[in-house]
Every structure is written in C-alpha cells, then in structure tokens.
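Excluded from the calculations below are hydrogen atoms, water molecules and symmetry mates; all remaining heavy atoms, backbone and side chain alike, are included. Order of the sequence lines sets the chain letters (A, B, ...), proteins ahead of strands, with each chain counted from 1.
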Number of protein chains: 2
Amino acid sequence: MTLTSDCKQCLACNNRSPMFSVLTEQELLVLGEVRYKVHFKPGEVIFKQGASCHNILSIRSGFVKIYLEDESGRYFTVKISSVDELIGKTSIFLDKRHHYSVAALTDVDVCFIDAEAFKKVLFTNKKFGELYANSWGESNIILWNRILSLAHKQMNGKIADILLYLSESVFQNLILENFVTSKLISEMSGVAKDNVVRTLSKFHKEKIIRFLKDEIVILNKERLEEISKKG
Amino acid sequence: MTLTSDCKQCLACNNRSPMFSVLTEQELLVLGEVRYKVHFKPGEVIFKQGASCHNILSIRSGFVKIYLEDESGRYFTVKISSVDELIGKTSIFLDKRHHYSVAALTDVDVCFIDAEAFKKVLFTNKKFGELYANSWGESNIILWNRILSLAHKQMNGKIADILLYLSESVFQNLILENFVTSKLISEMSGVAKDNVVRTLSKFHKEKIIRFLKDEIVILNKERLEEISKKG
DNA sequence: ATCATTAGATGATATTTATCAGTTTTTAAA
DNA sequence: TTTAAAAACTGATAAATATCATCTAATGAT
C-alpha cells in the first residue's frame with residue numbers, strides 16, 4: 001500500500017464516480033480536502049471486517065473483492081467492485097465498524113473520503129442523496145440475488161450465476177478478466193474449489209465456456225442462463 | 001384485506017416507528033394525508049415481487065414475512081418484520097417495482113405511505129434521513145448474516161442460525177411465537193422441510209429446544225450458539 | 001360432525017457434494 | 001535456472017442432504 005498525492009482534486013478528477021457530477025464546486029472542494037488516495041497491489045487487504053470505519057471509499061482504478069469472514073475463519077466473497085463505485089455505503093451508517101473486508105484483486109487506486117464530511121454533503125445536496133440511495137439500492141439487489149442463488153440452487157446453477165454476474169454486472173463483457181480463478185469462483189459461489197474446477201471443465205467440454213489457462217470466456221450465454229434457471 | 005379508517009393521524013399515532021418522533025408536526029401532518037391503513041389476515045399477501053411500488057409500509061401491529069421467489073417458483077424467506085419497522089426502504093429507490101414479496105404471518109395492520117411524499121420528508125429532515133439510513137444499514141447486516149449462514153454451514157448450523165435470529169432479532173424472547181412452523185424455518189434456512197422436522201426433533205431430544213405442538217422454546221442457547229459457530 | 005388440508009414424524013433410498021489423495025501444470029520467487 | 005508455492009485436474013470415497021412414501025395428529029371449513 002502506497003500513499004500518493006499525485007492526483008487532481010475531486011473537482012477535476014475524471015476517475016470519480018459519476019454521482020459526484022451533481023455536486024457543486026463548493027461541495028467538491030470540501031470533499032477534496034478530506035480525502036486521500038492510496039494505491040494497493042493485488043492481494044493487499046484494504047480494510048478488515050471488525051476494524052473501525054471512518055471513511056467511505058471511492059475506487060478510481062482496478063478491482064476489489066468484498067468478502068465476509070465467519071466465526072470459523074471461512075471466507076465468502078459477496079461482490080466485486082470497481083471504478084465508479086463507492087464502498088462503505090452501509091457501513092458509514094452503522095456502528096463505526098466495518099462489517100466486511102475488502103481486498104485488492106488487481107492494482108487499485110482508492111480515495112478514502114472522511115465519512116462525516118461525506119455525510120454532511122449527502123444530507124445537504126438532495127440530488128446527491130437520491131443518487132446515493134439509488135446506488136445503495138442497486139447493491140442490495142445483488143445481495144438478494146446472491147441469497148436466492150445460495151438458498152436453493154445446486155453447484156451448476158450457483159456457478160452459472162457467478163459467471164453471469166461477473167459477465168453482466170462486473171465486466172460488461174463475455175471475457176472475464178484473468179484474476180477470475182476457480183478459487184475466486186469457489187469463494188463467491190460457496191462451492192468447494194475441486195467441484196468448481198470440475199464444473200468449469202465440464203462447461204468447457206460442453207462448449208458453454210472456454211476455460212484455458214486462467215482465461216474464462218462465455219461462449220453460450222443462453223445455455224448458462226438455462227442452467228442458472230434450472231438451478 | 002380490509003381498508004380501515006379508524007386510526008388517528010400520524011401525529012397522534014402511538015404504533016408508529018420511533019423514527020417518526022424526530023419529524024415536525026407539519027411533516028407528520030403531510031404524511032398523515034398520504035397514508036392509509038390496511039388490515040391483513042394471516043396468510044394474506046401484502047404485495048408481490050414484480051408488482052409496481054408506490055408506497056413505503058409501516059407495520060403497526062403483527063408480523064410479516066419478506067420473501068423472494070426464484071424463476072422456478074421456489075420461495076425463500078429473508079426476514080420477518082414487525083411493529084416499528086419500515087418495509088420498502090430499498091424499493092422506493094429502485095425502479096418502482098417490488099423486488100420481494102411480503103405476506104402476513106398474523107393479523108396485521110399496515111400503513112401505506114406514499115413514497116414520493118415520504119421521500120420529500122426524508123430529504124428535508126436531516127435527522128430523519130440519518131435514522132432512516134441507520135435502519136437501512138441494520139437491515140443489510142441481516143442480509144450479510146443470512147448469506148454467511150447459507151454459504152458454508154450445514155443443516156444443523158443453518159437451523160440454529162434461524163432459531164437464534166428469531167429469538168434475538170424478531171421476538172426478543174426464548175419463546176418463539178406459534179406461527180413459527182417447521183415449514184417457515186425450512187423457507188428461512190433453505191433446508192428441506194423433512195430435514196427441519198428431523199433436526200428440530202433431534203434438538204428436542206437433546207434438550208436444546210422444546211418442540212411440542214407448534215410451540216418452540218429455546219432451552220439451551222449456548223449450545224445453539226456452538227452449533228451455529230461450528231456450522 | 002365430518003372431511004379436507006396441513007404439519008409433524010420417520011425410515012429408506014438416491015443424489016449431491018465435500019473431502020481426500022495424488023498428479024500435473026503454471027506462476028512466482030530466490 | 002532451480003525451487004517453491006499455487007492452481008488445475010481427476011478419481012475414489014464418505015458424508016450430507018433431498019426426495020419419496022407413508023403414517024398420525026392437528027386444524028379449519030362447511
């Protein structure tokens with residue numbers, strides 16, 4: 001993790017979340033004063049579940065995973081976030097503790113914005129508040145979908161769900177970035193790693209995906225959707 | 001479902017969510033004008049996933065279940081809400097559609113409050129906005145916990161989690177209300193009904209709970225917590 | 001009071017999935 | 001360039017769970 005200061009203020013930042021465009025110059029200046037940018041390398045932990053929480057994060061480049069840890073030390077990755085997304089939308093309204101962990105999947109630049117200053121702007125600018133709430137709502141839909149997938153589906157369906165989620169919501173592309181490994185899909189789907197490998201190999205043989213040396217490409221999305229539906 | 005008008009305006013309502021206490025008289029009067037109260041009998045559906053959404057709901061008495069339906073028509077009950085809780089905190093900020101269904105578990109009185117008027121108040125009164133966000137955040141913690149439970153735990157752990165959730169978060173009591181049936185626990189835990197019955201009987205034999213004629217009482221909470229932890 | 005429906009109960013079976021063990025390949029590090 | 005550490009791969013096995021079938025008890029409706 002490296003602290004860098006070579007970035008324009010929020011006012012002129014062109015990696016900022018589009019939400020910020022509804023803020024006034026004055027508001028952007030305020031936020032610019034209370035933020036700092038940090039660089040993380042792949043694998044580095046950005047913050048840990050249980051640690052105290054004083055910032056909301058804005059991702060300026062790269063991909064991070066948001067994951068939960070249970071009492072037995074097992075992980076579950078809930079979602080993957082990237083540019084334009086805010087992290088901690090829920091946490092800043094809770095008990096000043098993080099309720100999940102975040103780690104970098106690639107090289108990542110993150111702006112840490114002071115939560116109190118951010119909240120002040122949030123409650124002052126109605127337009128901004130509404131966009132924030134919309135974006136919070138979108139995040140919740142992902143949670144509901146994850147719950148449905150975990151509750152009743154079996155291996156094939158769970159893995160299909162993850163592939164579709166990654167393609168549609170994370171990359172907007174049929175080609176999945178190469179940090180998507182079987183291990184990551186295992187963490188996201190709740191399916192044991194061995195079985196993820198087996199299933200991906202099977203999908204490869206059936207020409208539903210191409211799965212070669214950590215490259216995953218969706219070849220037959222309709223089929224994946226059927227598998228997801230069937231469960 | 002019965003439409004009733006025998007209720008005081010929000011101003012004098014003593015079944016309202018405590019959040020409302022930070023509103024001004026003027027704001028309460030506004031909300032009072034755009035709400036209507038409806039009674040539901042046990043089993044009645046209050047709204048369906050996919051239907052259009054123009055209201056936020058405030059439960060004034062009774063218990064409701066919030067559940068998701070998947071493409072194959074299976075149900076999953078995410079949480080149980082009761083007095084003092086708002087339903088639709090996320091939905092009013094989405095695409096005007098409900099993303100889950102709600103049904104009455106007992107006799108229920110619900111206030112339907114017009115979403116647009118509610119949002120106006122929400123963005124005007126900062127204190128109210130903050131309480132709303134806190135309460136939204138609390139709801140999200142429940143979702144995260146559900147996800148962790150579903151992802152890695154097996155039957156015993158999943159069922160223990162539901163019993164603990166009901167006791168701690170819903171009833172604040174070791175005695176679970178008698179609408180909590182094996183079927184409901186099955187819907188909430190993602191475990192097949194037959195296996196829920198088997199597990200509850202086992203817990204009964206081991207004196208962890210008392211499970212007799214639709215009465216469930218937690219006798220040994222520490223043991224349940226161990227089972228939850230072990231998974 | 002009777003009938004139909006739902007919940008509880010339980011054993012048997014089949015399916016699904018996790019786990020283990022061992023091999024190969026790839027990637028990263030020294 | 002060699003070595004170490006992950007990741008991919010695969011078969012075998014064991015464990016967990018869903019499903020099916022059947023029964024009784026309880027509940028609610030007419």
Whole-Å gap separating P (C/dA7) and CD (B/Glu215):
18 Å
To the nearest angstrom, the NZ-P distance between B/Lys193 and C/dA9 comes to 10 Å
Write down the distance between CG (B/Asp194) and C1' (D/dC20), rounded to a whole number of angstrom.
8 Å
Counting just side-chain N and O atoms, does A/Ser182 come under 4.0 Å of either OP1 or OP2 of D/dA7?
no
Take the protein atom CG of B/Asn195 and the nucleotide atom P of C/dT15, then report the distance between them rounded to whole Å.
17 Å
What nucleotide, of D/dA8, C/dA9, C/dA18, holds the atom closest to the side chain of A/Met155?
C/dA18
Can any side-chain N or O of B/Lys207 pair as donor or acceptor with the backbone N or O of B/His204 at less than 3.5 Å?
no
Trace of the side-chain hydrogen bond (donor to acceptor under 3.5 Å, both in side chains) decision for A/Ser228 with A/Lys153
CA-CA 8 Å; A/Ser228 158; A/Lys153 293 188 185 180; 3.3 Å; yes
Nearest heavy-atom contact between B/Ser189 and B/Phe76 is C-CE1, 4.1 Å
For the pair made of CG in A/Leu184 and P in D/dA8, what is the distance, rounded to whole Å?
10 Å
d(NZ, B/Lys158; P, D/dT17) in whole Å
7 Å
Qualifying salt bridge (charged side-chain N to carboxylate O under 4.0 Å, His left out) pairs, either residue in residues 216-230 of chain B, two or more places apart
B/Glu168-B/Lys221, B/Arg223-B/Glu226
Closest-nucleotide ordering on DNA chain C, the 5'-leading residue of B/Lys205 and A/Asn156:
B/Lys205
Nearest to the side chain of B/Thr181 - C/dA9, D/dA18, C/dA7?
C/dA7
On a plain distance test, is the side chain of A/Arg198 in donor-acceptor contact with the base of D/dG11 below 3.5 Å?
yes
Side-chain atoms of A/Phe211 come closest, of D/dA8, C/dA9, C/dA18, to D/dA8
At under 4.0 Å between heavy atoms, what does A/Gly190 touch on the DNA or RNA strands: base, sugar-phosphate, or nothing?
sugar-phosphate
Rounding to a whole Å, what distance do you find between B/Glu187:CD and C/dA7:P?
10 Å
Using only atom types and a distance under 3.5 Å, with no angle test, would you say the side chain of A/Asn173 pairs donor to acceptor with the backbone of A/Ile175?
yes
Distance in angstrom units between B/Lys153 NZ and C/dA18 C1', rounded
18 Å
Nearest-neighbour nucleotide for the A/Val197 side chain, C/dG8, C/dA18, D/dC9 considered:
D/dC9
